[in-house]
Amino acid sequence: MSEERSLNFIEELIEADLKSGKCKSLVTRFPPEPNGYLHIGHAKAICLNFGLTKKYGGYTNLRFDDTNPVTEKTEYVNSQQEDIKWLGFEWKNELYASDYFDQLHGYAVKLIEKGLAYVDHSSAEDIATQKGTPTVAGVANEYRNRTVAENLALFAQMKKGDFEDGTCILRAKIDLSSPNMLMRDPIIYRIKHAAHHRTGTTWCIYPMYDFAHGQSDSIENITHSICTLEYVSHRELYDWFIEKLEIFPSKQYEFARLNLSYTVMSKRKLMQLVNENLVSGWDDPRMPTISGLRRRGYTPASIRAFCEKIGIAKRENLIELGLLEFCVREDLNKTATRVMAVLDPIKLVITNYSQQSEILIGENNPEAEDKGGHREIPFGKELWIEREDFMEEPAKKWFRLAPGATVRLKHAYIVQCNDFVKDENGNVTEVHCTYIPESKSGNDTSGLMVKGTIHWVSVAHAKTAEVRIYENLFTQELPDAAEGDFKDYLNPNSMQVIKNAYIEPYLTGANQDTRYQFIRKGYFCLDKDSNAEKFIFNRTVSLKEAWKPKA
RNA sequence: UGUCCGAUAGUAUAAGGGUAGUACGACAGUUUUUGGUACUGUUUGUCUUGGUUCGAAUCCAGGUCGGACAACCA
């Protein structure tokens, strides 16, 4: 919380503005368009905007940028609100650009009256060609010289619904030869006979982004309107409207958006994955959406920590997915309840164990002050252990089971391997061991030292669960930049489903609010598809793997 | 061919005319009943060429490279 860190460039600007009195208190906004689910890139913007007012005082509005009725839905409004709250932020006012449709319309009329806007009846293609190119100036058409009265009447007709979609549009009259294409008489109102998620059919003309965003900021007295780099060239227009309309001068500042390796970060592409059923939905645990990360088991704190670590700058960047994983591990390590589960079982038989079974005690979290409390773990003559924890011919520096080798069974006894059984295909099916009764966890008097400790689940007491192991959704670091379609690079192994994993009985009481560490395997959480008969666990992230057998 | 933005270890981000630092990664070691965690150490960097200056990552000029901009999307 109180971590010392140097200021990023936006914080420096704000501190200067606060100090000089240029602004008395800070007002920011987070302005999503409700046309999709929020993703980790939005989380960066959310943490920035809300974090700034948390740090410097003032407040942040949530404003939905809902000026295009054909792509926007209430479903998205709701999910976006849920995600922001889940991340741990509170907005001061819940607002909508559509709240300002009347006011925005008035601004358009004002511009027309000032001779700074006109109704253009050209086709979309004509307007595009008349705009020229970045190196060739645009040319004016016959509509540019319509009189104020004519424009006023025509705009009123547009509003009344006298025209079909696409018949004409309202353009600002700025500069057709500007080197900034956005200043070449940008379109500010278009006709769309479409129902809006909030205003219904009240309107059939809707303002464009550039004519809505800055003015909405201004109406709300936003002092620092923070957006991503692709809006840099919009700033000139943003300032132009505010100046000509003579309204509160909000200022726009741009930072570099987040790019994450092995994922895509555009709502359009994420929607494609959803619509083409390449994932199970917006909240598929492989998705970089907030809802996907939530279902995957990421915590709000881990995502906030990640956004803090990546920093804010103007340089294009590609963050390694490993940093996000580091952040969850760091958080989960402190809080996750340790349990044992065997994902790829073979049987271990303790040949000299004469009891039926016994109850052992295990601590729930070695990182917690009180060890996270303790739980009972049933132990018996036959145990499930991980196939990968036995090697018939041990590699160099192998600390686990092998003929003649000794290991500690976590929370239990030291065992020595004496024998093993193979099936007709040559696969090991059973490992036979003898245990050392004096080596019991907690009161080991054996004096034996072993290098390896492995996890296990008692065969007689094991419950089963489905376990879903996730890997990167894409095989390319930059799926967008790679040749061809980004979907060509979907990882076919991004989800591995283990139908019958064995879990210790304690996990029968698992709930969705608790994060678990399956000892030596990773962090897991209960999936929402679980029910009383079927447990489903999602692997949030593996443990850091420090040991690899050398060839 | 135009305008705008940017360039510091593998990645990200500091240093704002005065010792190039931090985090992640990688590598090595210590501790450990998780080959986890924790701790210690090592490693690698100022795009380029000039200029200003006692002194430049920082200021200036030219170049190079990367990105953005010509939707009735946001």
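What you see below is based on every heavy atom in this structure, not just the backbone, and it leaves out hydrogens, waters and symmetry mates. Quick note on labels: first sequence line is chain A, next is B, and so on, each numbered from 1.
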Please report the closest heavy-atom contact between A/Asn35 and A/Gln80, naming both atoms and the distance. N-NE2, 4.2 Å
With the side chain of A/Glu316 defined as its heavy atoms from C-beta on, choose the nearest nucleotide among B/A14, B/U34, B/G67. B/G67
Are A/Lys55 and A/Glu11 close enough for a salt bridge, meaning some N to O gap below 4.0 Å? yes
Judged by atom type as modelled, is there a donor-acceptor pair below 3.5 Å linking the side chain of A/Arg515 to the main-chain atoms of A/Tyr523? no
Interatomic distance at P, B/U42 relative to B/A23, whole Å: 13 Å
Please report the C-alpha distance between A/His121 and A/Thr167 in whole Å, then the side-chain angles of each, then the deciding distance to 0.1 Å, and finally whether the side chain to side chain contact (heavy atoms under 4.5 Å, CB included) criterion is met. CA-CA 6 Å; A/His121 274 74; A/Thr167 311; 4.1 Å; yes
Integer angstrom distance from the C1' of B/C24 to that of B/G62: 37 Å
Give one of base, sugar-phosphate or nothing for A/Ile519, where a contact means two heavy atoms less than 4.0 Å apart. base
Under 3.5 Å: donor-acceptor pair, side chain of A/Glu386, backbone of A/Asp344: yes
Flag the pair A/Tyr96 / A/Phe64 as yes when their ring centroid distance falls below 6.0 Å, and as no otherwise. yes
Name the closest nucleotide to the A/Met181 side chain, picking from B/U33, B/U37, B/C69. B/C69
Please state whether the phosphate of B/A74, meaning OP1 or OP2, lies under 4.0 angstrom from any side-chain nitrogen or oxygen of A/Arg268. no
I want to verify a distance call: between B/G36, B/G35, B/U33, whose nearest atom is closest to the A/Arg408 side chain? B/U33
Determine the interatomic distance between P on B/G16 and the same-named atom on B/G67; round to the nearest Å. 31 Å
Nearest to the side chain of A/Lys314, heavy atoms from C-beta on, is which of B/C72, B/A23, B/G6? B/G6
From the set B/A70, B/G25, B/U34, return the single nucleotide nearest to any side-chain atom of A/Phe326. B/G25
When we call it a touch if two heavy atoms are under 4.0 Å apart, what does A/Tyr189 touch: a base, just sugar-phosphate, or nothing? nothing
Under 4.0 Å between any heavy atoms, over every strand shown, what does A/Thr133 touch: base, sugar-phosphate, or nothing? Just pick one. base
Which whole number of Å gives the distance between the C1' atom of B/U58 and that of B/G21? 15 Å
How is A/Leu543 classified with respect to the nucleic acid when contacts are heavy atoms under 4.0 Å: base, sugar-phosphate, or nothing? base
Compare side-chain N and O positions of A/Arg184 against OP1 and OP2 of B/A70 and report whether any pair is under 4.0 Å apart. no
For B/G50, the nucleotide meeting Watson-Crick or G-U wobble distances (both under 3.5 Å) is B/C60
Test log, rule side-chain hydrogen bond (donor to acceptor under 3.5 Å, both in side chains), inputs A/Glu320 and A/Tyr262: CA-CA 8 Å; A/Glu320 293 171 348; A/Tyr262 300 101; over 6 Å; no
Base B/U13 paired with A/Arg315 side chain (donor-acceptor, <3.5 Å): no
Spacing between A/Arg235 atom CZ and B/G6 atom C1', to the nearest angstrom: 13 Å
Please determine whether a side-chain nitrogen or oxygen atom of A/Thr67 lies at a distance below 4.0 Å from atom OP1 or OP2 of B/A74. yes
Classify the nucleic acid contact of A/Gly522 as base, sugar-phosphate or nothing, counting any heavy atom under 4.0 Å across all strands shown. nothing
Kindly indicate whether the side chain of A/Glu367 and the base of B/G36 share any N or O donor-acceptor pair separated by less than 3.5 Å? yes
For B/G10 versus B/G45, give the span between their C1' atoms, rounded off to a whole number of Å. 11 Å
Got a salt bridge between A/Asp17 and A/Lys251, using NZ or NE/NH1/NH2 to carboxylate O under 4.0 Å? no
Remember a base hit wins even if backbone is also touched, and classify A/Ala124 as base, sugar-phosphate or nothing at under 4.0 Å, heavy atoms. base
Below 3.5 Å, does any donor atom in the side chain of A/Glu545 face an acceptor in the base of B/G35, or the other way round? no
Would you measure the distance from the C1' atom in B/G63 across to the matching atom in B/C54 and give it in whole Å? 29 Å
Students often get this wrong, so: under 4.0 angstrom with heavy atoms, is A/Ile414 touching a base, only sugar-phosphate, or nothing? nothing
NA contact type, A/Leu182, heavy-atom cut-off 4.0 Å: base, sugar-phosphate, or nothing? nothing
Closer to the 5' end of RNA chain B via nearest nucleotide, is it A/Ser123 or A/Trp398? A/Trp398
Which is true for A/Asn333 with a 4.0 Å heavy-atom rule: it touches a base, it touches only sugar-phosphate, or it touches nothing? base
How far, in whole Å, is B/C60 from B/U11 if one measures between their C1' atoms? 32 Å
Scan every strand shown for a Watson-Crick or G-U wobble partner of B/U32, both distances under 3.5 Å, and answer none if you come up empty. none
B/U34 base / A/Arg520 side chain donor-acceptor hit below 3.5 Å: no
Salt bridge or not for A/Lys267 and A/Glu33, using N-O below 4.0 Å? no
Could you work out the separation of B/G50 and B/U64 based on their C1' atoms and round it to a whole Å? 14 Å
Side-chain donor/acceptor contact of A/His234 with base of B/A74 under 3.5 Å: yes
A/Pro134 has a side chain; which of B/G2, B/G36, B/A74 sits nearest to it? B/G2
Would you indicate, yes or no, if B/C73 has its OP1 or OP2 atom less than 4.0 angstrom from a side-chain nitrogen or oxygen of A/Lys192? yes
For A/Pro31 and A/Val232, take the nucleotide of RNA chain B holding the closest heavy atom to each; which residue's nucleotide lies nearer the 5' end? A/Val232
From the candidates B/A74, B/C69, B/G36, the one with an atom nearest any side-chain atom of A/Ser233 is B/C69
Check whether the side chain of A/Glu320 and the base of B/G10 form a donor-acceptor pair under 3.5 Å. yes
Heavy atoms under 4.0 Å, any strand shown: does A/Ser122 hit a base, just sugar-phosphate, or nothing? base
Measuring from the side chain of A/Asn317 (C-beta onward, heavy atoms only), which nucleotide among B/G2, B/A12, B/G35 has the closest atom? B/A12
Just to be sure I understand the rule, does A/Glu236 reach a base, reach only the sugar-phosphate, or reach nothing, if contact means heavy atoms closer than 4.0 Å? nothing
